[in-house]
Novice: 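Here it is: the structure, laid out below.
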There are 2 protein chains.
Amino acid sequence: MESEAKKLKKIGLKVTPQRLAILQRIKGDRTHPSAEKIYHEISQKFPGISFATVYNTLAKLVEAGEIQELDIDPNKKRFDPYTSLHYHFYCKTCGKVYDVDFDVSLTPNIQKIAGHQVEAIQLNFKGVCKDCAKR
Amino acid sequence: MESEAKKLKKIGLKVTPQRLAILQRIKGDRTHPSAEKIYHEISQKFPGISFATVYNTLAKLVEAGEIQELDIDPNKKRFDPYTSLHYHFYCKTCGKVYDVDFDVSLTPNIQKIAGHQVEAIQLNFKGVCKDCAKR
DNA sequence: TTGGATGCAAAAGATTTGCACTCCC
DNA sequence: GGGAGTGCAAATCTTTTGCATCCAA
C-alpha cells in the first residue's frame, strides 16, 4: 500500500483519490503553497476536484498534525508538509516563504507557557529577501 | 500638543480627528484587537468614521513602525501598539492573543538571515489558553 | 490652494457552508 | 447500507479600491 494511503488510515480518514492527489502534490514541497495554489495545480491533473475538498482535506491534515499551517503570509494561509520544528522567512515584496535554519534556544518540547498549553510554535522573520533586494 | 498629534507629524501624516481617535483607542491596549474591533468601538464615540479610514490609518501606522501587525490569528490581522520585541500566545479556542514573556536567545538586532534582510520578527505560540483549558 | 484624507459603496480574495449525490469501508 | 467524502454554488468574512467630496497645512 502506498505510504499516502497509510497516512490517511492512520489518522482515521477514508482513502479517496482526491486525498491521495493532495498528499502527493504537497509531499516534499518546500515552497509553502497556499490552498488556492494547491487546488489550482491539482485540478490540472485531476479535473473536477473541488475547492471545498482541498480545503477540507488540508484542514483535516493540519488537525491531525500531518502538515503545518503557517501564519506568516498576511494575505492567506500557507501550508508546510514538514512538521518538525523549523522557522520561516516571509518576503513582503515577492511573497515567497523560505525555510530558515537558525539556532535558537527554543526547546521543541515546551508544554506550557504562562499556564497556557502550547501545541505549536512558529518563529517568523519578515522583510525583503535576497533576490528582491538585488532589484 | 498631544503626544498623538506629535506622533502623526513625526511620521509625516496629517493630523485628523479620526486618526487621533484611532491612536487613542489602541494606546495601551494589550488585547491585540482586530481592525474590525477597533472600527466598531471607535464608531460608538465617533459616529461616521469609516472602515476604510481605520484600515488605511492602521496600515500607515504599521508601515511607519508605530504599531505592529501580528500574523497569529488565522482569521484576521491583529494589531499591537507595543513594538518592542515580545512574543504572543494565540488560543485557538477563544481567539485571545496573550503577551508572553519568555527568555529566548533572540537578539532583537538580527539584520540578515540566510542573506535575507530582516525587518520584523514574530514568535508565536498556539494552543489552548489557561482559561479555556479549565472547561 | 492643494494634495492628502475621508466616507461610501462596491469589489476583490480567501475561506466556509449547505445540500444533494457519491462511493469507501 | 450507512456514513463519510465530494462537488457545486452560494454565503460569509476580511480587506482593498475607486471616486467624489472635504479639510489640514
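Protein chains get the first letters and strands the later ones, always in sequence-line order, with residue 1 at the start of each.
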Novice: Nearest to the side chain of A/P17 - C/dT16, C/dG7, C/dC24?
Specialist: C/dC24
Novice: Quick check for you: to the nearest 0.5 Å, what is the distance between A/S50 atom OG and A/Y39 atom OH?
Specialist: 7.0 Å
Novice: Within less than 4.0 Å of OP1 or OP2 of D/dT6, is there a side-chain N or O belonging to A/T16?
Specialist: yes
Novice: The side chain of B/T53 is closest to which nucleotide in this list: C/dG7, C/dC25, C/dA5?
Specialist: C/dG7
Novice: Identify whether any heavy atom of A/K60 sits under 4.0 Å from a base atom; if not, whether one sits that close to sugar-phosphate; answer base, sugar-phosphate or nothing.
Specialist: sugar-phosphate
Novice: What's the closest nucleotide to the A/S50 side chain, out of C/dG7, D/dG7, C/dT15?
Specialist: D/dG7
Novice: Quick one: does B/H32's side chain have a donor or acceptor within less than 3.5 Å of a partner on B/D80's backbone?
Specialist: no
Novice: Could you work out which one of D/dT14, D/dA24, C/dA14 sits closest to the side chain of A/Y55?
Specialist: C/dA14
Novice: Atom NZ of B/K9 to atom P of C/dG4: distance rounded to whole Å?
Specialist: 17 Å
Novice: I want to check one thing: is the phosphate of C/dA14, taken as OP1 and OP2, less than 4.0 Å away from some side-chain N or O of A/S34?
Specialist: no
Novice: For B/K76 and D/dT12, give me the distance from atom NZ to atom P, rounded to whole Å.
Specialist: 16 Å
Novice: Of B/Q18 and B/K14, whose nearest nucleotide on DNA chain C comes first from the 5' end?
Specialist: B/K14
Novice: I want to verify a distance call: between D/dT15, D/dA24, D/dT17, whose nearest atom is closest to the B/A52 side chain?
Specialist: D/dT17
Novice: Nearest of C/dT15, C/dT17, D/dG5 to any side-chain atom of A/N56?
Specialist: C/dT17
